[in-house]
Amino acid sequence: MATRNALRIVSRRFSSGKIFSEEEKAAENVFIKKMEKEKLEKIARQGAGEQAAGSASEAAGATASASAESGPKVSEDKNRNYAVVAGVVAIFGSIGWYLKAGGKKQPEVQE
């Protein structure tokens, strides 16, 4: 029994760094649910705005080409694009370094 309690206390200490009381846990859960609800509402508003803009443009006679809608998705996140480029450069650099050093052997020191 004591081992079980000690294990529970240690696991709680190291898992999140802080032990919450029941009231704090409940408040945190309410906050998380509120933030998720706001996020879903924001997405719904954006979706409704896009649909309204889409129906207005169709009513005006503007039609989008099917190839543009089904074409490849390109990320518009600037930081993500930099991270992808940096990762590709790092991979090619490490492959080049490996291939360049592959033929060289270190001389053995004999005493």
Side-chain angles (χ1 to χ4, degrees):
M1 182 87 157
T3 306
R4 204 179 283 170
N5 286 337
L7 182 64
R8 182 175 51 93
I9 291 170
V10 169
S11 66
R12 281 189 179 177
R13 284 272 184 205
F14 290 116
S15 65
S16 65
K18 184 176 180 183
I19 298 176
F20 292 118
S21 67
E22 293 299 320
E23 293 85 16
E24 289 173 326
K25 287 179 186 178
E28 184 180 16
N29 289 337
V30 168
F31 177 76
I32 291 171
K33 287 180 182 180
K34 179 182 172 187
M35 294 304 293
E36 289 175 352
K37 183 179 177 184
E38 288 176 0
K39 191 181 294 186
L40 290 174
E41 288 174 353
K42 182 179 179 182
I43 291 171
R45 277 186 267 133
Q46 287 177 350
E50 290 173 3
Q51 288 177 355
S55 63
S57 65
E58 289 175 6
T63 59
S65 66
S67 63
E69 291 178 5
S70 64
K73 303 280 183 179
V74 178
S75 174
E76 295 178 4
D77 184 14
K78 191 175 185 180
N79 294 328
R80 181 176 180 184
N81 292 337
Y82 285 142
V84 170
V85 170
V88 170
V89 168
I91 289 171
F92 281 119
S94 61
I95 290 172
W97 188 6
Y98 175 75
L99 292 175
K100 183 179 176 185
K104 298 178 184 176
K105 293 186 177 180
Q106 298 291 333
E108 292 183 22
V109 177
Q110 295 180 353
E111 294 179 16

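When reading the values below, keep in mind they use all heavy atoms of this one structure, side chains included, and skip hydrogens, waters and symmetry mates. Only a predicted model underlies this, so the values are computations on that prediction, with no experimental measurement involved.
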Inset, instruction - Find out if a path of hydrophobic residues (ILVMFWY) with successive side-chain heavy-atom gaps under 4.5 Å connects I91 to Y98. - result: yes

Legend entry - Residue among E38, Q46, K39 satisfying side-chain contact (heavy atoms from CB on, under 4.5 Å) with K42: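 Testing K42 for a side-chain contact (heavy atoms from CB on, under 4.5 Å) against E38, Q46, K39 leaves exactly one candidate, Q46.
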
Inset, instruction - Answer whether the closest heavy-atom distance between the side chains of E28 and E24 falls below 4.5 Å. - result: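 Sidechains of E24 and E28: no contact.
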
Inset, instruction - Please round to the nearest 0.5 Å and tell me the distance separating atom CZ of R45 and atom CD1 of I43. - result: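 One finds 10.5 Å between CZ of R45 and CD1 of I43.
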
Inset, instruction - Start with the C-alpha gap between V85 and N81, add the side-chain angles, then the distance that decides, and say whether side-chain contact (heavy atoms from CB on, under 4.5 Å) holds. - result: CA-CA 6 Å; V85 170; N81 292 337; 5.6 Å; no

